[in-house]
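Handing you this structure, nothing more for now.
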Amino acid sequence: MNKIFEISLYAYARNPDQDAVAPIRHKVIVIGAGPIGLATAIDLAQQGVEVVVLDENDKVSFGSRAICFSQRTLDIADRLGCAEPLVRKGVLWDTGKVFFDTRQIYEFNLQPEQGYANPAFINLQQYHLEQILVDRLRALQAEGAPIDIRGRNRVEAIGTHEDHVTLEVETPEGPYNIEADWLIACDGAHSPARRMLGLDFDGRVFEDNFLIADVVMEADFPSERWFWFDPPFNRGQSALLHKQPDNVWRIDLQLGWDIDKEREKRPENVIPRLKEMLGEDVEFDLEWVSIYTFQCRRMERFRYGRVLFAGDSAHQVSPFGARGANSGVQDSDNLSWKLKLVIDGKAPDYLLDSYSHERVQAADENIAYSSRSTDFITPKSQMSRLLRDAVLDLGEHYEFARPLVNSGRLSTPCTYAGSSLNSADALNGPDITRPGAACPDAPLGAAFLLPKLAGKFTLLTIDADAPDTLEEDGVQATRLALSVKDDPTLALKRRYLGDATSAVYLIRPDQHVAARRDTYEENAFRQAIRRATGKE
């Protein structure tokens, strides 16, 4: 077993809150020290918001769990101050290959165009991600940021009130009570917080099971995503192979619906399956084995008064497509700046409703993609399988059929089309940067665009005039003045101007476009700031 699973990262220590006569009130409490809870806490602490993280564990999650992290997640991690160690440790990849039986049907490149600071994807075990996030949290603590993490602090009960939330917390030394102005539940798919509030998921559970095995082995497979339909080593089913750091390889094998899960997880049953795939002579060690069932479900909404849900506690999707952890990090990215404005009295309470509206839209998009992938990967009738196999045969020879092959549409950021925070589009510009879209990166000489748009409202001007700052009702937007001459690759022009000769964008702190026009008009952008902060 990997020793990382035994190391205490945030060991239990008695806190003054446990000795207080009356419950101590904190600004924000986060339940769960997984990737989403840690990212949320780091984001808030960087903005000066006092935050406490509670977790019943004191170690990294057992097993690799989420392993594929998208470019958008890395862009967010860059703003959180930890992208560099993630990329350094992770396995970079952008190529995927699809096989049918023993034949390669086609391959794809997730980043055919250059001009991005971060790779299309990295593979990195969740336990490494959690350790890097805890390291970042500790660095913030050392700098004096208002952030605390408490291991072996299990939340036993939650009480909701108009202006705060109460929690009963169990520790190795007994229980104590604590309060929060705001509570963020990031406690996973089986969320105790969701259960304590009498809430549940709605959605679909698919009739299929998949074996996950992490194996340690020396192998010369490339750093690519390999997906098989009906391979000879798993007839009638599917398989997936990913490379991870430290010579760990992730293998997913479809098993079917009517199985004995505990029996299938036993090494004496797993190892023969893997030998059939890898070859009898390949030496490997099992590091982690699990079985999962495809589920595509979400809560009705992600905000209930002063309790907000993020990540798997709010929504679940099937693993193919890497939409679980990536969408959870985007939940955190959407929520943190809004909560900061509300706490500071610079935005109305309604702004937090927009968190739920936008991220429910994103969850529905992810669920739709995941459901289609699952239906293609696991056809439920003989006719569906014949049609699926015909598409695969066509895809081997004809490019038009390849978009119909669905081995898991890989995670992309949601465009918040129709969001109440968007202003009407007033630029005949590229679709990828319309209001609601996440800003794509672009090279600026030796630097890149996205770090310059991080954590604040920005007036991005491209060959256009505007004031250096614009303040509206306590919210300030700072100008970033660029020209297409700043980027000889013309990626900036392709991604932000298109056929237009100039543009002015209002960019939200989470790097999503709030408004855009061809020139600066003060009243229009003042109104756009008000709308983007929930005041219109």
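Each residue takes its place number in the sequence, starting with 1. Since the structure is predicted, the reported quantities are computational estimates derived from the model, not experimental observations.
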Checklist entry - So do V289 and I212 actually touch side chain to side chain, heavy atoms under 4.5 Å? => result no
Next on the checklist: In terms of relative ring orientation, are F309 and Y304 parallel, tilted or perpendicular, with 30° and 60° separating the classes?
Outcome noted: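 Geometry flag for Y304 against F309: perpendicular rings.
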Checklist entry - Do the ring centers of F376 and F229 come within less than 6.0 Å of each other? => result yes
Checklist entry - Looking at F284 versus W249, is the centre-to-centre ring distance below 6.0 Å? => result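 No, too far apart.
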Checklist entry - Should the pair R516-D425 be classified as a salt bridge under the 4.0 Å nitrogen-to-oxygen rule? => result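 Yes.
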Item to check | Within-4.5 Å side-chain heavy-atom neighbours: I122 and W93 | outcome: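 When only atoms from C-beta onward are counted, W93 and I122 do not touch, as no gap falls below 4.5 Å.
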Next on the checklist: Side chains of T95 and N109 only: does a donor on one sit below 3.5 Å from an acceptor on the other?
Outcome noted: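 Short answer, no.
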Checklist entry - Do R372's NZ or CZ and the ring of Y369 fall within the cation-pi criteria of under 6.0 Å and 45°? => result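 Judged by the rule (NZ or CZ under 6.0 Å from the ring centre, within 45° of its axis), R372 counts as positioned above Y369.
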Checklist entry - Do E283 and M217 have side-chain heavy atoms sitting under 4.5 Å apart? => result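 No, every pair of side-chain atoms sits at 4.5 Å or beyond.
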Checklist entry - Considering only heavy atoms from C-beta outward, does the side chain of D101 approach that of P232 to under 4.5 Å? => result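 The answer is yes, as the side chains (C-beta and beyond) meet within the 4.5 Å cut-off.
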Next on the checklist: Strictly below 4.0 Å, N to O, side chains only: are E358 and R508 in salt-bridge contact?
Outcome noted: yes
Checklist outcome for this item: The side chain to side chain contact (heavy atoms under 4.5 Å, CB included) partners of Q295 (sequence neighbours excluded) come to V205, R297, Q316
Item to check | Presence of salt bridge, R65 and E130, under 4.0 angstrom | outcome: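 Answer for the salt bridge query: no.
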Next on the checklist: Between D441 and R495, does any NZ, NE, NH1 or NH2 come within less than 4.0 Å of an OD or OE carboxylate oxygen?
Outcome noted: no
Checklist entry - So do the side chains of I377 and Q254 get within less than 4.5 Å of each other, counting heavy atoms only? => result yes
Checklist entry - Between F302 and H315, how do the two ring planes meet: parallel, tilted or perpendicular, split at 30° and 60°? => result tilted
Next on the checklist: Restricting to non-hydrogen atoms, name the atom on L421 and the atom on R531 that form the minimum distance, rounded to 0.1 Å.
Outcome noted: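 The answer is CD2-O, 3.3 Å.
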